[in-house]
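Index from 1, following the sequence.
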Amino acid sequence: MPILSQSKNLTTNRTIFRLSISPLTQRRLANFRKNKRGYWSLWIFLALFLFSLPAEFIANDKPLLIRFQNNYYSPVLVAYPETVFGGDFETEANYRDTFVRALIENDGWMLWPLIPYSYNTINYNLQTPAPSPPSRGNWLGTDDQARDVVARLIYGFRIAVLFGLILTFFGSIIGILVGAVQGYFGGWVDLLGQRLIEVWSGLPILYLLIILASVVEPNFWWLLGLMLLFSWMGLVGVVRAEFLRARNFDFVRAARALGLSDRKIMMRHVLPNAMVSTLTFLPFILTGSVTVLTSLDFLGFGLPPGSPSLGELLNQGKNNLQAPWLGFTSFFLLSIMLSLLVFIGEAVRDAFDPRKMFDHGRQ
């Protein structure tokens, strides 16, 4: 009886969820699930991204938990001086040091992460010169500075995806606003906007990066702000075309005749129509944003030296042809990540394709 009750409740919850969304959204979700390649790519990408988010708890050179003299410590979250564990220095304890480890293990224990290396941890106990090949201690080997490749991949993947998501989000907001204003008002607003975009898009981004990199040391937010100045132009043309097409529709004229303000008409009546084509472009814009950061890091104009970066690891593979695991590892991770994003984009495009929705409804 309890099993039957649980299954009945689950069925009821699914029914309520289906009734809470519109039939059009249900058809789009069905079309998205129908594309098996894109559907499973979404789950695989989410699994990889969620796995990389708590990177400090997966790959770190600090223990997750320490029990010392009946007290518990969490070095991952709090920096403890060496004197807490009976050492001599007031600086933060180096838990990989044999002296500190002996102090703790004599009167307690340490719980280490799955990978006992952070992205900047140098392994001084290598059996071969760096870059060293894959081994039990370093699953994918080390780079030319004796840093663990797996740890740098996890941190680098997280940075690349977060950079792409933030850049795509804010760039899309700006591009949608600019395209909406140009397309809705048209006339001189549209004409002047298009000429300004043509001039702005003609600026050499790489040269600007080279010039600014010689003045300011680039970091994550500096690169994000600079790329945001140019990334918003990708959606302007799509949104502008949708607003130009829809601004003279009968329902827009009726809303204007009823006295609604331009802002309300744009937000409530025209923008939902433009969002269909906009959403289909977002996965591909995300792919381009990730590629931009990787390319800048590969050329040496990206994140600061020492930062975990897929482009920097790819550059190490180019410079160390005698260590093929560096090039193969970065190549396969980038290929898998970008392929997953492209497959997701294709599934989203199919989900919003009106012809496929018509075929689904006819079946």
Side-chain angles (χ1 to χ4, degrees), residues 37-38 40-56 58-61 113-165 223 283-284 286-346:
R37 184 174 61 185
W40 287 110
S41 295
L42 175 62
W43 285 109
I44 295 173
F45 180 79
L46 287 177
L48 292 174
F49 180 54
L50 293 176
F51 176 78
S52 67
L53 281 179
E56 288 79 8
I58 299 172
N60 209 323
D61 55 1
L114 179 65
I115 302 169
Y117 303 99
S118 185
Y119 67 89
N120 57 355
T121 304
I122 298 177
N123 189 355
Y124 294 101
N125 301 319
L126 295 176
Q127 302 298 323
T128 58
S132 63
S135 62
R136 264 180 93 178
N138 304 102
W139 300 342
L140 293 177
T142 64
D143 61 6
D144 56 7
Q145 299 182 37
R147 298 172 299 191
D148 186 71
V149 173
V150 177
R152 293 187 66 80
L153 282 179
I154 295 174
Y155 284 88
F157 180 85
R158 182 178 66 174
I159 288 180
V161 176
L162 287 177
F163 182 89
L165 288 174
L223 284 174
F284 302 104
L286 176 59
T287 304
S289 301
V290 173
T291 306
V292 165
L293 180 63
T294 304
S295 303
L296 291 176
D297 289 332
F298 179 80
L299 295 174
F301 301 111
L303 297 173
S307 302
S309 167
L310 301 180
E312 188 264 346
L313 188 62
L314 197 64
N315 188 35
Q316 285 203 30
K318 178 182 73 71
N319 296 330
N320 297 277
L321 298 179
Q322 79 281 4
W325 56 89
L326 294 176
F328 284 135
T329 301
S330 54
F331 169 76
F332 282 119
L333 180 62
L334 283 171
S335 300
I336 292 172
M337 177 173 59
L338 297 180
S339 298
L340 291 175
L341 290 174
V342 170
F343 294 155
I344 294 171
E346 292 176 350

If you take all heavy atoms of Gly327 and Leu314, which pair is closest and at what distance?
O-CD1, 4.4 Å
Quick one: list whatever passes side chain to side chain donor-acceptor pair (under 3.5 Å) with Asn60, sequence neighbours left out.
none
Interatomic distance, CG@Leu140 vs OG1@Thr329, rounded to 0.5 Å, equals 4.5 Å
Leu286 side chain near Leu165 side chain, heavy-atom distance below 4.5 Å:
yes
Name every donor-acceptor pair, under 3.5 Å, that has one atom in a side chain of residues 335-346 and the other anywhere in the protein, sequence neighbours excluded.
residue, atom, partner, partner atom, Å
Ser335, OG, Phe331, O, 2.7
Ser339, OG, Ser335, O, 2.6
Glu346, OE1, Arg37, NH2, 2.7

Output all residues satisfying side chain to side chain contact (heavy atoms under 4.5 Å, CB included) with Pro131, sequence neighbours left out; order by chain, then residue number.
Asp144, Asn320, Gln322, Ala323, Trp325, Leu326
Non-hydrogen side-chain atoms of Ile115 and Ile154 separated by less than 4.5 Å
yes
Begin with the C-alpha distance, continue with both residues' side-chain angles, and end with the deciding distance and a verdict on side-chain contact (heavy atoms from CB on, under 4.5 Å) for Phe301 and Leu223.
CA-CA 9 Å; Phe301 301 111; Leu223 284 174; over 6 Å; no
Ring pair (Phe, Tyr, Trp, His ring centres under 6.0 Å): which pairs involve residues 139-165, sequence neighbours left out?
Tyr119-Tyr155, Phe163-Phe220
Under the salt bridge (Lys or Arg N to Asp or Glu O under 4.0 Å) definition, can you give me all pairs with a residue in residues 308-328, not counting sequence neighbours?
Arg147-Glu312, Arg152-Glu312
I need the Ser52 OG to Leu153 CG distance, nearest 0.5 Å.
11.0 Å
Would you list the atom pairs, donor with acceptor, under 3.5 Å between side chains in residues 292-300 and any protein atom, with sequence neighbours excluded?
residue, atom, partner, partner atom, Å
Thr294, OG1, Val290, O, 2.9
Ser295, OG, Thr291, O, 2.7
Asp297, OD1, Leu303, N, 2.7
Asp297, OD2, Ser309, OG, 2.6

Minimum-distance pair of heavy atoms, taken over all atoms of Ser289 and Gly164:
CB-CA, 3.7 Å
Contact between Asn123 and Asp148 at the side-chain level, heavy atoms closer than 4.5 Å - yes or no?
no
Sorted by chain and residue number, the side chain to side chain donor-acceptor pair (under 3.5 Å) partners of Ser132 (sequence neighbours excluded) come out as Thr142
Tell me every residue that passes side chain to side chain donor-acceptor pair (under 3.5 Å) with Thr121, counting only those two or more places apart in sequence or in another chain.
Asp61
What salt bridge (Lys or Arg N to Asp or Glu O under 4.0 Å) pairs are there with at least one residue in residues 153-165, not counting sequence neighbours?
Glu56-Arg158
Residues at least two apart in sequence or cross-chain that pass side chain to side chain donor-acceptor pair (under 3.5 Å) with Trp40, listed by chain then number, are none
Closest heavy-atom contact between Asp143 and Ala130?
O-CB, 3.5 Å
Taking only residues two or more places apart in sequence or in another chain, which ones pass side chain to side chain contact (heavy atoms under 4.5 Å, CB included) with Pro324?
Phe328
Closest non-hydrogen atoms of Ser118 and Ala151, given as atom of the first, atom of the second and distance, are O-CB, 3.6 Å
